[in-house]
Student: 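Have a look at this one before I ask anything.
The chain is numbered in sequence order, starting from 1.
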Amino acid sequence: MHIGDGGQERLNTGTAHSARVYDYILGGKNHYEADTVAGDAMVEVWPALPVHMRANRAFMLRASRYLARERGVRQFLDIGTGLPTSPNLHEVVQGAAPESKVVYVDNDPIVLNYAQALLTSTPEGRTTYIEADMRDPDAILGSAEFRDTLALDEPVALLVVGMLHFIHPGDDDHGLLSRLLDPLPAGSYLAATVGTADFAPEEVGRVAERYAAEGMPMALRTREEAAAFFDGLELVEPGLVQVHKWRPDPGDEQVRDEDIAMYGALARKPF
């Protein structure tokens, strides 16, 4: 595995960060007091939040496994990786195809610290990490890690899971996604989830208020707004649905629709 440069000195443990709050609510250990306080406040206003977060991660793993097994994809670019939680993306896709290559991207220095200790790769494949922000696609696409790991003459799966609700329309949300997709060859895929308040507006609205109070304002979108992120792409069945309804496995956790505040879809870049 190769990892891009990062620094412990930039780690801010006094302010909650979305990756660490996510880790805390999912039962991980890689977080700080600010993250636990924020996470507890969010679960208090919406007790279904852990269920929702587990469903979001399960979608990512199912979509990735499907791409590796059924669509022959061997290259993956994961934006907003979060803290390592087994099974990780590389474990899933390299389990299906050992030669798979994975580039992880996140902007929290603690993710880099744990990535150095926990992320591995099969001998046939490669796993690399870039410390960068989705709001700066050039830093991702122009990095040595990206260029040395992924070949742009073969399909790439771009995963943007649990990220778009932190990217506001005023941040040129569609433009940022296009700048990441445009260099990828035809036959590449986008797997994305989009936060919504369509199914539990009051509860999810309160969670959004808590995130905003912690300096992490959210943009929740309707189904029509979520669908717009996939314009020009070919949706894979069942199309855009709540994440727990996208090709569920028989043993997946059974949840209520109102406990899931995320749409998800997988779509192919046409030839």
Student: Taking side-chain contact (heavy atoms from CB on, under 4.5 Å) as the test, write out the residues that go with Ala41, two or more places apart.
Tutor: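 Residues passing side-chain contact (heavy atoms from CB on, under 4.5 Å) with Ala41: Arg210.
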Student: Please tell me whether Arg71 and Tyr189 have a donor and an acceptor in their side chains that are separated by less than 3.5 angstrom.
Tutor: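 Looking only at side-chain atoms, Tyr189 and Arg71 do form a donor-acceptor pair, the distance falling under 3.5 Å.
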Student: Side-chain contact test, heavy atoms from C-beta onward, threshold under 4.5 Å: evaluate it for Val243 versus Trp246 and give yes or no.
Tutor: no
Student: If you measure from the Lys or Arg side-chain nitrogens to the Asp or Glu carboxylate oxygens, is any gap between Arg179 and Asp136 under 4.0 Å?
Tutor: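 Between Asp136 and Arg179 there is no salt bridge, as every charged N stays at least 4.0 Å from the carboxylate O atoms.
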Student: Scan residues 258-268 for pairs that pass side-chain hydrogen bond (donor to acceptor under 3.5 Å, both in side chains), counting only residues two or more places apart or in two chains.
Tutor: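 Sorted pair list: Asp198-Tyr263, Glu234-Arg268, Arg256-Glu258, Arg256-Asp259.
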Student: In terms of hydrophobic clustering (I, L, V, M, F, W, Y; side-chain heavy atoms under 4.5 Å; direct or indirect links), are Leu141 and Ile167 co-clustered?
Tutor: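 In one cluster with Leu141: Ile167, yes.
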Student: Look at the side-chain heavy atoms of Ile, Leu, Val, Met, Phe, Trp and Tyr, link any pair under 4.5 Å apart, and say whether Met42 and Tyr32 land in one connected group.
Tutor: no
Student: So that I can tick it off, tell me whether Asp182 and Lys269 are bridged by a salt bridge, with the cut-off set at under 4.0 angstrom between side-chain N and carboxylate O.
Tutor: no
Student: Closest heavy-atom contact between Gly187 and Phe271?
Tutor: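 So the minimum-distance heavy-atom pair works out to CA-CZ, 3.6 Å.
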Student: Between Leu266 and Leu190, is a side-chain contact (heavy atoms from CB on, under 4.5 Å) present by the stated rule, with each step listed?
Tutor: CA-CA 6 Å; Leu266 176 66; Leu190 169 65; over 6 Å; no
Student: Does any N or O in the side chain of Thr36 come within less than 3.5 Å of the main-chain N or O of Glu33, such that one atom is a donor and the other an acceptor?
Tutor: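 Between the backbone of Glu33 and the side chain of Thr36 there is a qualifying donor-acceptor contact (under 3.5 Å).
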Student: Looking at Glu99, I want to see if its CD is surrounded by more than 12 non-hydrogen atoms of other residues, nucleotides or ligands under 6.0 Å.
Tutor: yes
Student: For side-chain contact (heavy atoms from CB on, under 4.5 Å), just list the numbers for Tyr66 and Arg247, CA-CA rounded to whole Å, side-chain angles, deciding distance to a tenth of an Å, and then say yes or no.
Tutor: CA-CA 9 Å; Tyr66 171 81; Arg247 296 177 178 264; 3.7 Å; yes
Student: State, with a plain yes or no, whether a side-chain heavy atom of Leu77 is found less than 4.5 Å away from one of Ile140.
Tutor: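 Touching, per the 4.5 Å side-chain cut-off.
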Student: For residues 148-166, please give each side-chain donor-acceptor pair under 3.5 Å, one per line with the distance, not counting sequence neighbours.
Tutor:
from: Thr149; atom 1: OG1; to: Arg126; atom 2: NH1; distance (Å): 3.3
from: Thr149; atom 1: OG1; to: Glu145; atom 2: O; distance (Å): 2.7

Student: Just wondering, do Met134 and Leu180 contact through their side chains at under 4.5 Å, heavy atoms?
Tutor: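 They are in contact (side-chain heavy atoms under 4.5 Å apart), so the answer is yes.
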Student: Taking the side chain as C-beta and beyond, is there a heavy-atom pair between Ser188 and Leu181 under 4.5 Å?
Tutor: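 No. Closest side-chain heavy atoms not under 4.5 Å.
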Student: List the atom of Thr15, the atom of Arg20, and the distance in Å for their closest heavy-atom pair.
Tutor: O-NH2, 2.7 Å
Student: So does Asp257 get a backbone contact from the side chain of Gln242, meaning a donor-acceptor N/O pair under 3.5 Å?
Tutor: yes
Student: Among the clusters formed by ILVMFWY side chains lying less than 4.5 Å apart, do Val255 and Leu49 turn up in the same one?
Tutor: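 No, Val255 and Leu49 fall in different hydrophobic clusters.
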Student: Nearest 0.5 Å, please: how far is CG in Leu67 from CD in Gln75?
Tutor: 12.5 Å
Student: Quick one about Tyr129 and Asp106 (side-chain donor to acceptor, distance below 3.5 Å, no hydrogens or angles considered), yes or no?
Tutor: no
Student: Under the side-chain contact (heavy atoms from CB on, under 4.5 Å) criterion, do Arg65 and Glu70 qualify, and how do the steps go?
Tutor: CA-CA 8 Å; Arg65 185 175 65 241; Glu70 306 296 331; over 6 Å; no
Student: Can Val103 and Phe76 be said to form a side-chain contact (heavy atoms from CB on, under 4.5 Å), step by step?
Tutor: CA-CA 6 Å; Val103 175; Phe76 297 81; over 6 Å; no
Student: Over all heavy atoms of both residues, which pair between Phe230 and Ala265 is shortest? Give the atoms and the distance, please.
Tutor: CZ-CB, 3.6 Å
Student: What's the spacing between Ile260 CD1 and Met53 CE if we round to 0.5 Å?
Tutor: 11.5 Å
Student: Flag the pair Val93 / Val102 as yes when at least one side-chain heavy-atom distance between them is below 4.5 Å, and no otherwise.
Tutor: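 Sidechains of Val102 and Val93: in contact.
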Student: Which heavy atom of Val21 sits nearest a heavy atom of Gly39, and at what distance?
Tutor: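 Shortest heavy-atom contact: CG1-CA, 4.0 Å.
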Student: Which heavy atom of Ala68 sits nearest to which heavy atom of Ala96, and what is that distance?
Tutor: CB-CB, 3.9 Å
Student: Taking the side chain as every heavy atom from C-beta outward, state whether Phe199 and Thr196 have any atom pair closer than 4.5 Å.
Tutor: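 Result yes, sub-4.5 Å side-chain heavy-atom pair found.
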Student: Looking at Arg62 and Asp252, is there a salt bridge between them, counting it only when a charged N and a carboxylate O are closer than 4.0 Å?
Tutor: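 Yes, this pair counts.
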Student: Linking I/L/V/M/F/W/Y whenever any side-chain heavy atoms sit under 4.5 Å apart, do Leu220 and Val194 land together?
Tutor: no
Student: Would you name the heavy atoms of Asp133 and Arg135 that are closest together and state the gap between them?
Tutor: OD1-N, 2.8 Å
Student: Would you check if the side chain of Thr193 reaches a backbone N or O of Met262 as a donor-acceptor pair within less than 3.5 Å?
Tutor: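 A pair under 3.5 Å: no.
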Student: Side-chain contact, heavy-atom cut-off 4.5 Å: Glu203 with Val45?
Tutor: no
Student: Between the main-chain N or O of Tyr211 and the side-chain N or O of Glu214, is there a donor-acceptor pair closer than 3.5 Å?
Tutor: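 Side chain of Glu214 to backbone of Tyr211: no pair is present.
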Student: Under the criterion side chain to side chain donor-acceptor pair (under 3.5 Å), I'd like the reasoning laid out for Asp231 against His174: C-alpha separation, chi angles, the key distance, then a yes or no.
Tutor: CA-CA 10 Å; Asp231 284 350; His174 289 273; over 6 Å; no
Student: Just by modelled atom types, is the Ala200 backbone N or O under 3.5 Å from a matching donor or acceptor in the Glu202 side chain?
Tutor: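 Not a single qualifying donor-acceptor pair exists.
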Student: Within the structure provided, determine whether Arg221 and Asp173 are in side-chain contact (heavy-atom separation under 4.5 Å).
Tutor: yes
Student: Does Val204 share a hydrophobic cluster with Val241, counting links as ILVMFWY side-chain heavy atoms below 4.5 Å and allowing steps through other members?
Tutor: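 The answer is no; the residues belong to distinct hydrophobic clusters.
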Student: If you measure only the distance, is there a donor-acceptor pair under 3.5 Å linking the side chains of Tyr104 and His90?
Tutor: yes
Student: If we ignore hydrogens and angles and just use 3.5 Å, is the side chain of Asp40 paired with the main-chain N or O of Val37 as donor and acceptor?
Tutor: no
Student: For residues Ser121 and Gln94, is any side-chain donor paired with an opposing acceptor at under 3.5 Å?
Tutor: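 Yes, a side-chain donor-acceptor pair sits under 3.5 Å.
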Student: When rounded to the nearest 0.5 angstrom, what distance separates CD in Glu225 from CZ in Arg223?
Tutor: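 If we round to the nearest 0.5 Å, Glu225:CD and Arg223:CZ are 12.5 Å apart.
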Student: Are His17 and Asn107 linked by a side-chain donor-acceptor pair shorter than 3.5 Å?
Tutor: yes
